[in-house]
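Below, chain A is the first sequence line, B the second, and so on; all start at residue 1.
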Protein chains: 2
Amino acid sequence: MLKEERHYHILDKIILDGKVLSADLSIELNVSEDTIRRDLNELSDKELIKKVHGGALPIDSNNLSYGERSNFNLEEKNIIAKKAVNLIKSGQVIIMSGSTTNLQLAKIIPADINATIYTYSLPIALQLTEHPSIEIIFIGGKLHKSAQVTVGLDVVSSISELRADLCFMGIGGINVLNGMTEPDWEVSHIKKCMISASDKVIALCTQNKVNETKRYTVAPINKIDTLVTDKDPNDLIFKDFKEKGVKIL
Amino acid sequence: MLKEERHYHILDKIILDGKVLSADLSIELNVSEDTIRRDLNELSDKELIKKVHGGALPIDSNNLSYGERSNFNLEEKNIIAKKAVNLIKSGQVIIMSGSTTNLQLAKIIPADINATIYTYSLPIALQLTEHPSIEIIFIGGKLHKSAQVTVGLDVVSSISELRADLCFMGIGGINVLNGMTEPDWEVSHIKKCMISASDKVIALCTQNKVNETKRYTVAPINKIDTLVTDKDPNDLIFKDFKEKGVKIL
DNA sequence: TTTAATATTGTAAAAAAACGCAAAATAACA
DNA sequence: TGTTATTTTGCGTTTTTTTACAATATTAAA
C-alpha cells in the first residue's frame, strides 16, 4: 500500500470515527507504529489532523466548509439559494425537487440546521450526506439517467403519502395566467404531488423562467407562497405575481 | 506497444483500481520501470494523475466518497467483479447490495447488456447512470450518510415486493457453519429480504471474509448459489463450501 | 510515584527516483 | 535513398525516500 493511500485512509477514518489510534492503524494498514507516527506527523504538518498522544483527532472546521463554499459562486442560482436558505428552520420537514438551484441550496444549509429532507435527486442526496445533522429520505423509483432523478409511479405514490412543511421547487416556467408549467409530463405530475403534500410552496426561479410557459400545467399561481428570484423583488416584472398574493424574495 | 497506448492503459487502470504501482506496470506493459516513471511524470505534468512514491493515484481522490477512496482491497475486488460480470445476461432483473465490490462490478458491465438493476446504494446508482441501456430502480428510504445507502423499513418492504433473477451481494463474513453474517442488524435484515426475493444468490467475497463470523445471521450457506472470490476456486479453503453445493468462481 | 504505553532519535537496509548516457526506433528532410 | 535530427527506451550509478528496529526519553494513568 502506498504512503498516500495510508494518508487518505487515515483522513477518512478520522472523519468517520472522530479519532484514530496509532496502534489500531498499525495493525489495520500492516505497517509499524513508527510509520504510522510519521504519517500522522506529515498530516499534522499539513494541518489536516491534530496529532495527540496515542493517535490523532480531526481539526475542527465546522464553519470552514460552509464559509468556503458560500464565498465561491456568485451566479444567479447561488443568489437564489442564499435567499432561500433563510427559509429553512430546524425541525421542519422539507421536500426538494431535482433542480440545480436546489443542489446549490443543499450545499449551503448551515451545519446547525436540523431538518428532514425528502428528495428524489441523486446529486442532492449525495450532497446532503455531507451535512452533519440533516435527515435524508430518498424517494425511490425508476432512475432517469441524464437528470439523475427518480421518476414514475413509485415516486408519485411515495410523495402522496407524506406531509411536509416546506417544498422547494425548481420550475420549468412560470406565468400569472398559466401558473407553474413543466416541459415533462412525469415531472409535472410529481410536482403536483409535492405541492399537495406541502404546507408551503417555495418556487426557485431564475429571471429567464418568468413569463415562460411549458407544455404541462403543474399548479395555478396562487398555490405558490413564495417566489425566490435572483432579481430585485421590486422589479415591475413581479407586480402581477404580488397581486395574486405571491411573496417575492 | 506505443507510448500513448501505455498512457491510456495507465489511466484506465488508475480509474478502475484507484491506484497503480510502477513495478506492476513495468511487468504488465513489458517495459522498464524507468519508462513507467517517465510515463507517470508526463501524465502527472498534464495533471491527469497524482504521482507518488511507488506509483500514482487518481487526481480527484478528494471528492470521492469514503468507500471509494479508503479501499485497499480494490484489486481483489476488481478480480471478483470481472468474474461476476459474466453472470449478467440481458433481460435479467438484478438486485445489488451496497458494497464496493458491487460498485466495481457496476463500472464494468458491458454496454450491450440490457438488464434491470435494483439498488439502494447512491454511488452504485450514480455509476449505473453512465450505462447506456441498464434500467435502474432506486430503492428509497432513509439515507445512511457515511455508507451512502438507504436503510430502514421502507427498503425492506420495497425489496419484499419485488422478484429478481439474480442478486449480487457483498458480505460481512461467511463460514460454513454460520452461513452469511453481517455486523449491522439493519443490513442483515435487508439482505435477508434480498435473498428471498431472488432466484439466485451470488455472494461476492474477498478472501479475508472467508471463515469470518459477524454478529447477525443473514442466511445459511445453502442459500448461496455461487460464491465469487478473488482466489483460485480450487483452493482448499473452499472445499467445505463446495460440499454444501455452493459453486465457487 | 511507579509503571506501562507512547514518542523520539539515530541507524541501517531496502525500495524507488533521478540522472546521465548510449542504443534503438522513429521522424524529417535533402 | 541515405543522412541527420528527434524521440523513446534501457542500463548503471547516485541520491532520495521509505521503512523497521533498537535504544532512550517522555507522557499518561493507576
Side-chain angles (χ1 to χ4, degrees), chain A residues 1-60, chain B residues 1-62 64 66 68-79 206-208 230:
Chain A
M1 169 171 275
L2 298 168
K3 189 175 70 152
E4 268 72 12
E5 284 188 277
R6 287 201 311 270
H7 287 190
Y8 285 129
H9 180 96
I10 292 170
L11 289 173
D12 281 332
K13 180 156 190 183
I14 257 186
I15 290 169
L16 202 63
D17 293 351
K19 73 169 176 184
V20 289
L21 305 182
S22 310
D24 288 357
L25 287 171
S26 163
I27 298 166
E28 220 170 290
L29 301 176
N30 206 32
V31 290
S32 73
E33 291 198 30
D34 247 319
T35 303
I36 295 296
R37 257 177 235 113
R38 274 184 292 255
D39 287 341
L40 295 182
N41 278 326
E42 284 183 43
L43 292 171
S44 173
D45 288 345
K46 291 185 199 158
E47 309 206 350
L48 295 170
I49 62 171
K50 182 180 176 189
K51 191 169 177 304
V52 297
H53 200 92
L57 295 171
I59 268 169
D60 211 310
Chain B
M1 172 172 273
L2 298 169
K3 191 171 71 149
E4 301 296 316
E5 282 187 277
R6 286 202 311 272
H7 286 193
Y8 284 125
H9 179 97
I10 292 170
L11 289 173
D12 280 346
K13 179 158 187 178
I14 247 182
I15 289 170
L16 206 60
D17 289 354
K19 74 167 175 185
V20 290
L21 304 182
S22 309
D24 287 357
L25 286 171
S26 162
I27 297 167
E28 224 170 288
L29 301 176
N30 206 34
V31 289
S32 72
E33 290 198 31
D34 248 314
T35 303
I36 294 297
R37 266 190 287 278
R38 275 184 287 253
D39 287 340
L40 295 182
N41 278 325
E42 285 184 42
L43 292 170
S44 173
D45 288 345
K46 291 184 200 159
E47 309 206 348
L48 296 171
I49 62 172
K50 180 180 178 190
K51 190 169 177 301
V52 299
H53 201 94
L57 296 171
I59 200 109
D60 55 349
S61 48
N62 40 350
L64 290 180
Y66 170 74
E68 288 184 83
R69 211 181 327 159
S70 60
N71 203 327
F72 19 151
N73 292 337
L74 254 194
E75 296 101 296
E76 285 88 338
K77 288 176 181 169
N78 253 310
I79 295 171
T206 47
Q207 171 90 348
N208 59 322
D230 52 316

Margin query: Output the rounded distance in Å from CG (L25(A)) to C1' (dT19(D)).
Written below: 16 Å
Check: CD1 of I10(A) to CG of D39(A): how many Å apart, nearest 0.5 Å?
Finding: 4.5 Å
Notebook entry, point to check: Under a criterion of less than 4.0 angstrom to any heavy atom of chain B, what are the 5'-terminal and 3'-terminal contacting nucleotides of DNA chain C?
Noted result: dA16(C) to dC19(C)
Check: In whole angstroms, how far is the P atom of dT19(D) from the CD atom of E33(A)?
Finding: 15 Å
Check: Starting at CG of N30(B) and ending at P of dT9(D), how long is that distance when rounded to a whole Å?
Finding: 12 Å
Next item on the list: Grab the CE-P distance between M1(A) and dT19(D) for me, whole Å please.
Entry: 11 Å
Checklist line | Spacing of K19(B) atom NZ and M1(A) atom CE [to the nearest 0.5 Å] | finding: 6.0 Å
Next item on the list: Apply side chain to side chain contact (heavy atoms under 4.5 Å, CB included) to the pair I36(B) and D24(B), showing each step before the final yes or no.
Entry: CA-CA 10 Å; I36(B) 294 297; D24(B) 287 357; over 6 Å; no
Check: Rounded to the nearest 0.5 Å, how far apart are CG of L25(A) and CZ of R6(A)?
Finding: 10.0 Å
Notebook entry, point to check: Can you name the nearest heavy-atom pair linking A56(A) to L40(A), along with the distance?
Noted result: CB-CD2, 4.1 Å
Margin query: Measure CZ/R6(B) against P/dT7(D) and give the value in whole Å, please.
Written below: 16 Å
Margin query: My understanding is that only one of N30(B), D34(B), T35(B) makes a side chain to side chain donor-acceptor pair (under 3.5 Å) with S32(B); could you say which?
Written below: T35(B)
Checklist line | Separation between CD of E42(B) and CG of L48(B), rounded to the nearest 0.5 Å | finding: 11.0 Å
Margin query: Rounding to an integer number of Å, can you tell me how far N41(B) CG sits from dT7(D) C1'?
Written below: 16 Å
Next item on the list: Measure the NZ-CD1 distance between K13(B) and I49(B) for me, rounded to the nearest 0.5 Å.
Entry: 13.0 Å
Notebook entry, point to check: For the pair made of CZ in R37(A) and C1' in dA20(D), what is the distance, rounded to whole Å?
Noted result: 12 Å
Checklist line | Separation between NZ of K50(B) and CD1 of I14(B), rounded to the nearest 0.5 Å | finding: 11.0 Å
Next item on the list: Assign each of A23(A) and G54(B) to its nearest nucleotide of DNA chain C by heavy atoms, then name whichever residue's nucleotide is nearer the 5' end.
Entry: A23(A)
Next item on the list: Using a 4.5 Å cut-off on heavy atoms from C-beta on, say whether the side chain of V52(B) contacts that of K3(A).
Entry: no
Item checked: Five-pair end axes of the helix from dT1(C)-dA30(D) to dA30(C)-dT1(D) and the angle they enclose, rounded to 10° -> 40°
Taking N or O atoms only and anything under 3.5 Å, show me the protein contacts with nucleotides 11-17 of chain D, one pair per line.
unit_1  : atom_1 : unit_2 : atom_2 : d
dC11(D) : N4     : D34(B) : OD2    : 2.8

Next item on the list: Might you work through the side chain to side chain contact (heavy atoms under 4.5 Å, CB included) test for E5(B) and L29(B), ending with a clear yes or no?
Entry: CA-CA 10 Å; E5(B) 282 187 277; L29(B) 301 176; over 6 Å; no
